[in-house]
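Computed over heavy atoms, backbone and side chain alike; hydrogens, waters and symmetry mates excluded. Given the structure is predicted, the values throughout are model-derived calculations rather than measurements.
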Amino acid sequence: LKDFNGLQNLRNIGGELRISSLDRLESLDGLNNIEHIGGAVHVASNHELIDYCDLQSILISDTTLEFNAYYNAYNPTRDNIVNGNCSIDD
């Protein structure tokens with residue numbers, strides 16, 4: 001799994017969003033239409049992950065949404081993503 005293309009119709013997640021230990025995941029493409037997440041977002045141990053840009057919209061619109069990224073190829077802060085620093089070149 002390199003991305004989440006195919007989930008473009010996903011709009012609502014009732015609880016937390018946890019994305020972890022996906023060895024080939026490079027981007028969060030496909031998550032750009034999420035309008036609500038009921039809990040925090042945790043992204044961890046995805047050693048190829050360099051692109052979080054599809055989370056930018058939800059992080060901008062929901063200012064209280066907790067976001068954590070660690071042990072990935074790129075670990076941006078919430079502010080990094082909101083301010084457009086949501087990916088790095090490989």
Side-chain angles (χ1 to χ4, degrees):
L1 183 67
K2 290 183 128 185
D3 58 40
F4 292 104
N5 279 321
L7 294 179
Q8 292 88 349
N9 292 328
L10 182 63
R11 300 280 187 269
N12 184 34
I13 297 174
E16 289 187 346
L17 173 59
R18 289 187 176 268
I19 301 169
S20 65
S21 303
L22 298 171
D23 294 334
R24 295 185 181 168
L25 186 67
E26 297 175 359
S27 80
L28 301 181
D29 288 354
L31 301 180
N32 58 310
N33 290 319
I34 295 175
E35 298 171 353
H36 174 77
I37 299 174
V41 177
H42 301 282
V43 184
S45 301
N46 304 290
H47 303 293
E48 302 294 322
L49 181 57
I50 59 170
D51 185 341
Y52 297 73
C53 294
D54 274 17
L55 290 182
Q56 187 177 35
S57 178
I58 185 67
L59 290 175
I60 289 171
S61 65
D62 185 345
T63 59
T64 63
L65 182 61
E66 179 184 343
F67 174 82
N68 298 293
Y70 43 95
Y71 305 124
N72 304 295
Y74 177 46
N75 299 294
T77 65
R78 175 194 179 85
D79 286 342
N80 289 143
I81 297 171
V82 166
N83 293 323
N85 300 314
C86 53
S87 68
I88 58 171
D89 296 328
D90 33 347

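- Y74 pairs with exactly one of L49, D51, N85 by the side-chain contact (heavy atoms from CB on, under 4.5 Å) rule, that one being N85.
- Between I37 atom CD1 and L65 atom CG the span is 5.0 Å, to the nearest 0.5 Å.
- Note: L31 CG to N5 CG = 9.0 Å, rounded to the nearest 0.5 Å.
- N72 and N46 share a donor-acceptor pair across their side chains, judged by distance under 3.5 Å alone.
- No side-chain heavy atom of V41 sits less than 4.5 Å from a side-chain heavy atom of Y52.
- Both L17 and L1 are part of a single hydrophobic cluster, where members link through side-chain heavy atoms under 4.5 Å apart.
- Taking CG of L55 as the start and SG of C53 as the end, the distance is 9.0 Å to the nearest 0.5 Å.
- Between I19 and L25, some side-chain heavy-atom pair lies under the 4.5 Å cut-off.
- Listed for the N83 side chain is a donor-acceptor partner under 3.5 Å among the backbone atoms of D79.
- Linking ILVMFWY residues whenever their side-chain heavy atoms come closer than 4.5 Å, directly or via other members, places L22 and I88 in the same cluster.
- Connection of I60 to F67 is established within a shared hydrophobic cluster, with ILVMFWY side chains joined at heavy-atom distances below 4.5 Å, either directly or through further cluster members.
- Taking 4.5 Å as the limit, some side-chain heavy atom of H42 sits within range of a side-chain heavy atom of R18.
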Report task. Report the C-alpha separation of E26 and K2 in whole Å, then their side-chain angles, then the decisive distance to 0.1 Å, and conclude whether the salt bridge (charged side-chain N to carboxylate O under 4.0 Å, His left out) test is met. Result -> CA-CA 5 Å; E26 297 175 359; K2 290 183 128 185; 3.5 Å; yes
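- Checked by atom type and distance alone, the side chain of Q56 never pairs as donor or acceptor with a backbone atom of D54 at under 3.5 Å.
- Closest approach of N68 to E66, counting heavy atoms only: ND2-OE2, 2.9 Å.
- With D3 contributing its side chain and S27 its backbone, the two residues share no donor-acceptor pair below 3.5 Å.
- Atoms CD1 and CG, from I34 and L10 in turn, are 4.5 Å apart once rounded to the nearest 0.5 Å.
- The CZ atom of R78 lies 6.5 Å from the CG atom of D62; values are rounded to the nearest 0.5 Å.
- In this structure, the separation between NE2 on H47 and CG on D23 is 6.5 Å, given to the nearest 0.5 Å.
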